[in-house]
Every structure is written in structure tokens, then in C-alpha cells.
Protein chains: 2
Amino acid sequence: MRVGELSRRSGVPIPTIKYYLREGLLAPGVAVASNQADYGEEHLRRLLLVRALIDVGGVSVAGAREVVGALTAYADDPLELLGVAQSSVAPRHQPDRATPEWLAARGRVTELVAERGWLVEAWSPEMDQVADALAAGGSLGVPELSEKLGEYADTAASLAAVEVGMVLARPDPAARMELVVLGTVLGEALFSALRMLAHQHESKRQLELGKPGPGIAQ
Amino acid sequence: MRVGELSRRSGVPIPTIKYYLREGLLAPGVAVASNQADYGEEHLRRLLLVRALIDVGGVSVAGAREVVGALTAYADDPLELLGVAQSSVAPRHQPDRATPEWLAARGRVTELVAERGWLVEAWSPEMDQVADALAAGGSLGVPELSEKLGEYADTAASLAAVEVGMVLARPDPAARMELVVLGTVLGEALFSALRMLAHQHESKRQLELGKPGPGIAQ
DNA sequence: CAGCAGCGGATAGTGCTGCTATCCGCAACG
DNA sequence: CGTTGCGGATAGCAGCACTATCCGCTGCTG
């Protein structure tokens with residue numbers, strides 16, 4: 001197929017496809033003449049993957065390029081691929097990490113990981129991100145996040161068990177590698193939205209409990 | 001205090017503080033002369049809150065303005081405030097929602113919410129976001145997300161129960177309202193990073209299980 | 001075989017975001 | 001009384017994710 005059909009079938013405008021080609025998010029088609037190229041189903045699929053990363057996962061174009069690159073570069077190393085997928089959804093900004101409060105929070109994270117025997121590298125950027133959230137809470141006088149850290153970790157662990165099991169259940173290695181990426185990125189978006197809905201529900205529920213009796217306003 | 005001290009104590013550069021003032025993220029100081037103004041502790045606190053939203057939570061400047069606005073506008077309506085806080089962390093992009101696949105996914109979400117008796121508005125943007133993730137997975141031939149939807153929802157519910165309990169445990173109403181915001185935004189960042197760490201751990205653990213025997217490579 | 005839509009490739013431009021820089025006249029402090 | 005810093009205003013900038021335009025060519029249509 002040529003670019004017009006690719007555009008029609010994916011819903012992505014032609015100039016955007018050309019942009020993705022330039023940026024290396026999409027492999028060039030097979031040149032069939034000086035100014036004609038041919039794209040296959042794998043191009044369509046790759047394009048849909050890129051759009052899912054960008055539109056649903058909120059990944060940047062540069063991040064998406066790294067992810068699709070890693071998908072071929074680490075075709076048989078799920079842990080490396082996982083690392084790239086995880087860093088692609090990392091926040092774009094980051095706070096000042098030179099304060100003593102931050103270092104204390106960071107120490108608390110190292111401790112948590114050690115306590116649980118989690119097999120993660122000591123320099124994981126995600127550990128810094130946990131410290132960021134803890135330190136921000138601390139500087140605003142919100143110790144609750146730090147206090148509930150264990151419960152957050154428990155919940156994360158049980159979700160991760162489900163998700164990793166889901167990925168490893170895939171027999172085909174290539175499809176499994178794609179699921180590493182999609183599980184990381186789409187799973188994040190999915191869970192985040194469900195957490196919001198659950199917050200709405202729980203808030204209403206617990207607020208009602210707090211004010212018993214008939215004639216609850218609104 | 002004047003802007004220099006505010007800058008020193010918060011770590012935010014003076015031009016950025018001026019920008020936040022212009023953008024309405026920070027209330028103007030009390031004018032004490034034609035070109036001198038005075039800021040208090042509450043300005044410092046607000047500034048730290050704004051930076052936490054932006055740097056840790058990844059909220060946009062416009063989103064942060066809405067959140068701090070809601071904090072005063074809905075000082076006694078936690079549910080309204082929660083809605084604003086939630087929409088501030090919503091993804092900036094969104095996919096095409098006009099396809100039949102998306103509508104089917106959306107139906108599945110309505111069903112899930114109904115089954116569980118979750119008290120959420122039927123038009124919640126978060127429900128659309130769940131459908132976005134499901135539909136993206138579907139179009140890429142990944143039914144797993146949809147299959148595990150119930151487990152995702154269970155996990156989200158148990159996390160939400162902890163978090164809402166944490167917020168409602170605060171006796172002071174003003175501090176509680178701030179915690180609604182911080183719980184939503186920082187809680188998201190915190191959990192997301194922990195989920196990544198748990199993925200690393202679980203992946204290593206389950207991969208080791210899969211290849212038993214001595215001399216496991218690396 | 002003429003004509004015209006569409007193609008691939010290249011270059012330039014756009015709109016938005018989140019700051020950053022500069023300038024001004026004035027206040028405060030040593 | 002001079003230096004430093006302030007507040008307020010305006011302008012500028014870098015990065016991102018596209019979007020528009022142009023060119024010569026291809027290949028299908030009639």
C-alpha cells in the first residue's frame with residue numbers, strides 16, 4: 001500500500017506520517033520507483049502502536065522513537081526493553097534533588113526496596129521519582145504519603161504480579177515483547193483512569209458514611 | 001518577605017515567580033509602596049504546591065491554575081475539587097473516539113462500572129480514558145487489557161479505599177482539601193513509580209522461575 | 001497518449017507552552 | 001548618595017509536534 005491508504009486505514013494525516021518517517025518512528029517503505037514506495041501491514045501496525053503510545057500513553061515523539069527502536073534492538077531482552085518503556089513514560093520535569101529532605105526521602109525508598117527484597121537496580125530512576133513525590137509531600141507538610149508508602153507498595157506489587165503474569169502468558173516471543181511495551185504504557189493509562197473513577201466512588205461512599213441519617217443533601 | 005526571599009526559600013527563579021503571578025497561579029503580594037510588595041508564608045506554601053503539581057505531577061501551568069483556583073472556589077465541596085484535580089492530570093492528547101471499536105470499549109466500561117455499583121457520573125472523562133486504553137489495545141490485537149479489566153478495577157478500588165481514608169482522616173477541613181489535590185496528583189506519581197519498580201522485580205522473579213536450574217545467566 | 005490525481009522528498013512555517021531577558025523608574029539600605 | 005533589589009511591562013526564545021508548500025515524477029483513466 002502507499003501512503004494514502006496507510007493514512008486512511010490508520011486515521012493519521014499524511015503530513016504526520018511523513019513526519020514520523022523523517023523522525024524514524026516508522027521504517028521507510030520499500031522503494032518501488034524513484035518516487036513510489038510500498039508499505040505493508042507491519043507498517044500499519046507500527047503506526048498504530050506509535051499513535052497508541054503518543055495519544056493514549058502521553059509519550060513524546062522522541063520517547064516513542066526510543067521505544068520502537070528498543071523493540072528491535074532488544075528483541076530478546078525483555079528487561080532492557082522494559083527499562084526503555086518505563087523511561088518513556090517518565091515525567092518530563094523534575095524537581096530539585098539536592099536538598100537534604102529529598103535525600104532523606106530517597107533513603108526511605110532504598111530502605112523500602114531493601115525490606116521487601118525487590119530486585120531492582122540501586123540507581124533506578126523510578127526510585128528517584130518515588131523520592132520526588134515523598135519529598136514534595138514532606139515539604140508541604142503532608143506526611144501521609146510517606147506513612148502509607150507500604151500500602152502503596154503492596155498495591156503496586158499485586159498489580160505488577162497480574163501484569164507480568166499477563167505478559168509472560170503470551171507464547172509468541174515477538175508478541176510478548178510488544179506486550180511488555182503496551183502493558184507498561186497502556187496499563188499505566190488504564191490503571192490511572194480506573195483509580196480516578198474509584199476515587200470518585202470511594203469519596204462519595206465514605207462521605208455518605210460520615211453523615212448518616214435521612215435526607216442526605218444532594 | 002519580598003520576591004527575592006520567596007525565590008531563595010522555594011528554589012524557584014524570580015522570573016518564573018513573576019510569570020506565575022502574571023498567570024494567576026500565585027496571588028499578588030500586599031502592595032506596601034508603589035514598587036514594593038509583601039508576601040507571606042501562605043505565598044511560599046502556594047508556590048511549593050504549584051511546583052509540586054508541575055514538577056512531580058506533570059500538570060501544565062494552565063492545569064495548576066485551575067487546581068489552585070478550585071482550592072478556593074470549592075473550599076467546602078470535596079467532590080467538585082476532586083473533579084478539577086483529576087482533570088488536571090488527564091492526558092493532553094486523545095485518540096479518535098468515533099470508531100465502532102472505541103464505542104464498544106466504552107460500552108464495556110459502562111458495564112464494569114454498573115456491575116460494581118460504582119457511584120460515578122455516566123459522562124466521566126475518566127471512563128472515556130479507560131475506553132481509550134482498551135480500544136488501543138484492541139486495535140493492536142491485545143485483548144489482555146480488556147480481559148484483566150476486572151483485576152485492574154479491583155486493585156484501583158483497594159488503592160482508592162486507602163487514599164480516601166487517608167484524606168478523610170485529616171481533621172482540619174482546609175488541610176483536608178489540600179490533601180484531596182495532593183493525594184490525587186502526588187499519589188498518581190508515587191504509585192506510578194512504584195508500579196514500575198514492582199514490574200522490574202516481578203519480571204526478574206517470574207523470569208527466573210521460568211528457567212530453573214543452576215547457573216542462571218546474569 | 002494526454003491529463004490529472006497522487007506520490008516521495010525536501011524545506012519552511014505555525015501555534016502553543018513555559019519560561020527568560022531586558023528595561024524602566026523607584027525604594028531601601030549601608 | 002550610591003548600589004542593590006523591586007515591581008511591572010514587554011519582548012524574546014527554545015522546544016515540541018505538527019502542517020503547508022513546492023517540486024519533479026508516476027501511474028492510472030479515459
Near DNA chain C, which residues from residues 6-20 of chain B have a heavy atom under 4.0 Å away? B:Pro15, B:Thr16, B:Tyr19, B:Tyr20

Side-chain contact check for B:Arg22: nearest option of C:dA27, C:dG8, D:dT10 is D:dT10

Name every residue in residues 58-67 of chain A that has at least one heavy atom under 4.0 Å from any atom of DNA chain D, in order of residue number, or write none if there are no such residues. A:Ser60, A:Val61

Using 30° and 60° as the class limits, which term best fits the ring planes of B:Phe191 and A:Tyr152: parallel, tilted or perpendicular? tilted

For B:His93 and B:Met1, take the nucleotide of DNA chain D holding the closest heavy atom to each; which residue's nucleotide lies nearer the 5' end? B:Met1

With A:Tyr74 via side chain to side chain donor-acceptor pair (under 3.5 Å) - residues at least two apart: none

May I have the distance from B:Asp38 (atom CG) to C:dA27 (atom C1'), rounded to whole angstrom? 14 Å

Just checking, is any N or O donor in the side chain of A:Ser192 or B:Glu188 under 3.5 Å from an acceptor N or O on the other one? yes

From CD of B:Gln36 across to P of C:dA28 the rounded distance in Å is 5 Å

Here the pair of heavy atoms bringing B:Ala52 nearest to A:Ala136 is CB-CB, 4.0 Å

How many whole angstroms separate atom CD of A:Gln94 from atom P of C:dG18? 17 Å

Between B:Arg51 and B:Ser10, is there a side-chain donor-acceptor contact under 3.5 Å, judged purely by atom types and distance? no

Decide yes or no for B:Leu71 and B:Val181: does some side-chain heavy atom of the first lie under 4.5 Å from some side-chain heavy atom of the second? yes

Length of the CG-P vector between B:Asp55 and C:dT17, whole Å: 18 Å

Say whether, by atom type as modelled, one donor and one acceptor occur between the side chain of A:Arg65 and the main chain of A:Glu23 under 3.5 angstrom. yes

Do any side-chain nitrogens or oxygens of B:Ser34 fall under 4.0 Å of OP1 or OP2 in C:dG25? no

Could you give the CZ-to-P distance, from A:Arg2 to D:dG27, as a whole number of Å? 8 Å

note: B:Glu23, atom CD; C:dG18, atom C1'; distance rounded to Å ~ 9 Å

In whole angstrom, give the distance that lies between atom CG of B:Asn35 and atom P of D:dC6. 11 Å

Please confirm whether the backbone N or O of B:Arg170 pairs with a side-chain atom of B:Arg176, one donor and one acceptor, at under 3.5 Å? yes

Rounded to the nearest Å, what distance is computed from the CG atom of residue A:Leu21 to the P atom of nucleotide C:dA10? 11 Å

Test item: A:Asp76 and A:Pro173 side chains (from C-beta on) under 4.5 Å apart, heavy atoms: no

